[in-house]
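Mind looking over this structure? Questions follow.
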Amino acid sequence: MTRDLVLRVFGKLLIPFVLLFALYVQFHGDFGPGGGFQAGVITAAAVIFYAIIFGLPAARRFAPDWLIESMVGAGVLIYGGVGVFGIVFGGNYLDYFVLAHDTVHGQERGIFWVEAGVAVTVSGVMLQIFYMFAGRQRDREEA
Amino acid sequence: MTLLTMMALVTMAIVAQRNLFAVVVFGSIYSFLMATVLVALDAVDVAMTEASVGAGMSTVLLLAALHLTRGDEVKPLHRPLLPLLVAVVIGAALVYGTVGLPPFSDPQAAIHTHVVPRYLNDSLRETGVPNVVTSVLASYRGYDTLGETTVVFTAGAGVIALLRRRRREGQKR
C-alpha cells in the first residue's frame, strides 16, 4: 500500500471513470472500436490499479478470489450457453437469428451475450494471473 | 516510417539494456508505438487491444514478476553467435516471404475477394451492427471467438494449476 496522498486521492477519483469507460467500450463495441476483450482488460486494469495503490487485501475485499475464479469459467459457460440456446430455439449451435422474433434483433441479442461472456472470462483470467503473482510475493514476505 | 524507425530504436535499446526494469518500460513504449502504427493502418480495434494488453496488462504482470526476481540481466555464458545466425536466417526468410505478398491495400488481393465483400455489404442488414469488426468477430466467426475464449480460459486454469499448489503447501507448513 502506498502512503502517497496524491496517488490515493487521484486513484479514487480515476478508478470509477476507468470502470465507466470499460462499460462504454463493452456496450458501444457494436458502433465503435472495442468489445468484450478490450472491456475485460480495462476492468481488470482498474482493479489492478486499485490493488497497487491500496494494497492487495483491499482489492481482494472488492473482488474476492472465489468471484474471480468463477468468472474464469463463467464467461466460457455464457458463450457456450448462447450456442446451446441456439439449438433449443431450433437452430444450429451458435445460431443467433433464432434468439428473437426478428432475425436482426436475434443477432444483436446473441452478439451482446457473447461479448459479455468474453469480457467476463478475460477480466477474470487477467485478475487471476495478477493475484497469483502478487500473492506469491506476499507469501514470500511472510515466510 | 518515423514510427517504424522509433520501434527499431526501441528494440535496439531493449537488446542493449541490462536493467530489467528499463527493459519492461521499453517494452511498454514499443507496444504503444505498435498501437499507434495500427491506428495509422485504420485497425482501431486491434490498436485498442494492443494498447491495453501489450502496453498495460503485460507491463504490470512483468513488473509483478520482476518483484520476485533480481533486477539485472545475468551476463551470458556463451557468445550469442549461433542465436544471432538463427535470427538472421529466420529474418531473411520472412523478408523473402513478404516479396511474394500482394502490394499494400491492393483491392484485387486474394484476401479481399473471398468473403470480405459479403461481410462489408451485408453485415449491417444481417446483424444490425454497424461495426463490421464486431459482427465478424462475434457472429460470422463466432466459433473462432469461442475458441479464443476457451484459450484464455485454459491460460487462466493453467496459471491456477501451477501457482495455487505452492500456496497450499505453504499453508500446511
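Each chain gets a letter, A, B and so on, in the order its sequence line appears, and its residues count up from 1. Everything numeric in this text was worked out from a predicted model, so none of it was measured.
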Is there a chain of hydrophobic side chains (I, L, V, M, F, W, Y, each step under 4.5 Å between heavy atoms) that links B:Leu9 to B:Met34? no
Does B:Ile29 share a hydrophobic cluster with B:Leu3, counting links as ILVMFWY side-chain heavy atoms below 4.5 Å and allowing steps through other members? yes
Hydrophobic cluster membership, A:Trp66 vs A:Ile78, 4.5 Å side-chain cutoff: yes
How long is the gap from CD on B:Glu148 to OG1 on A:Thr121, to the nearest 0.5 Å? 12.5 Å
Distance (rounded to the nearest 0.5 Å) between A:Phe133 CZ and B:Leu66 CG: 11.0 Å
Euclidean distance, B:Tyr140 OH relative to A:Gln107 CD, rounded to 0.5 Å: 7.0 Å
Taking it one step at a time, do A:Tyr79 and B:Thr150 satisfy side-chain contact (heavy atoms from CB on, under 4.5 Å)? CA-CA 10 Å; A:Tyr79 203 130; B:Thr150 316; over 6 Å; no
If you count heavy-atom pairs within less than 4.5 Å of chain A, which of B:Gly156, B:Pro130, B:Gly56 leads? B:Pro130
Evaluate whether atom CE of B:Met6 has more than 12 neighbouring non-hydrogen atoms of other residues, nucleotides or ligands under 6.0 angstrom away. no
Could you pull out the closest heavy-atom pair between B:Ala138 and A:Tyr96, with the gap in Å? O-OH, 2.5 Å
If only atom types and distance count, is the side chain of A:Tyr93 paired as donor or acceptor with the main-chain N or O of B:Tyr143 below 3.5 Å? no
Which heavy atom of B:Phe153 sits nearest to which heavy atom of A:Val76, and what is that distance? CB-CG2, 3.4 Å
Tell me, for A:Val25 versus chain B, whether the close heavy atoms (under 4.5 Å) come from the side chain, the backbone, both or neither. side chain
By a 4.5 Å heavy-atom criterion (distance strictly below it), what part of A:Val41 contacts chain B: side chain, backbone, both, or neither? both
Contact part of A:Ile129 toward chain B, heavy-atom cut-off under 4.5 Å: side chain, backbone, both or neither? both
Heavy-atom pairs under 4.5 Å with chain A - which of B:Thr145, B:Val46, B:Val159, B:Val132 has more of them than the others? B:Thr145
Take A:His28 and B:Asn131, measure what side-chain contact (heavy atoms from CB on, under 4.5 Å) needs, and give me the verdict at the end. CA-CA 10 Å; A:His28 203 257; B:Asn131 185 2; over 6 Å; no
Can you tell which part of B:Met57 gets under 4.5 Å to a heavy atom of chain A, answering side chain, backbone, both or neither? side chain
Step through the shown structure and confirm whether more than 12 heavy atoms of other residues, nucleotides or ligands are within 6.0 Å of OH on A:Tyr24. no
Highest number of heavy-atom pairs under 4.5 Å with chain B: which of A:Val114, A:Ile42, A:Val104? A:Val104
Out of B:Ala157, B:Gly142, B:Ala51, B:Ala155, return the one with the most heavy atom pairs under 4.5 angstrom to chain A. B:Gly142
Over all heavy atoms of both residues, which pair between A:Gln38 and B:Asp45 is shortest? Give the atoms and the distance, please. NE2-O, 3.1 Å
Nearest-0.5 Å distance that lies between atom CG in A:Asp65 and atom CD1 in B:Ile160: 9.5 Å
Proximity breakdown for A:Glu108 and chain B, heavy-atom pairs closer than 4.5 Å: both
Is A:Tyr50 reachable from A:Leu14 through a run of I, L, V, M, F, W or Y residues, each pair having side-chain heavy atoms under 4.5 Å apart? yes
Is it the backbone or the side chain of A:Phe37 that comes under 4.5 Å from a heavy atom of chain B, or both, or neither? side chain
Answer with side chain, backbone, both or neither: which region of B:Val60 has an atom nearer than 4.5 Å to a non-hydrogen atom of chain A? side chain
Following the transitive rule for hydrophobic clusters with a side-chain heavy-atom cut-off under 4.5 Å over Ile, Leu, Val, Met, Phe, Trp and Tyr, establish whether A:Ile111 and B:Leu137 coincide in one cluster. no
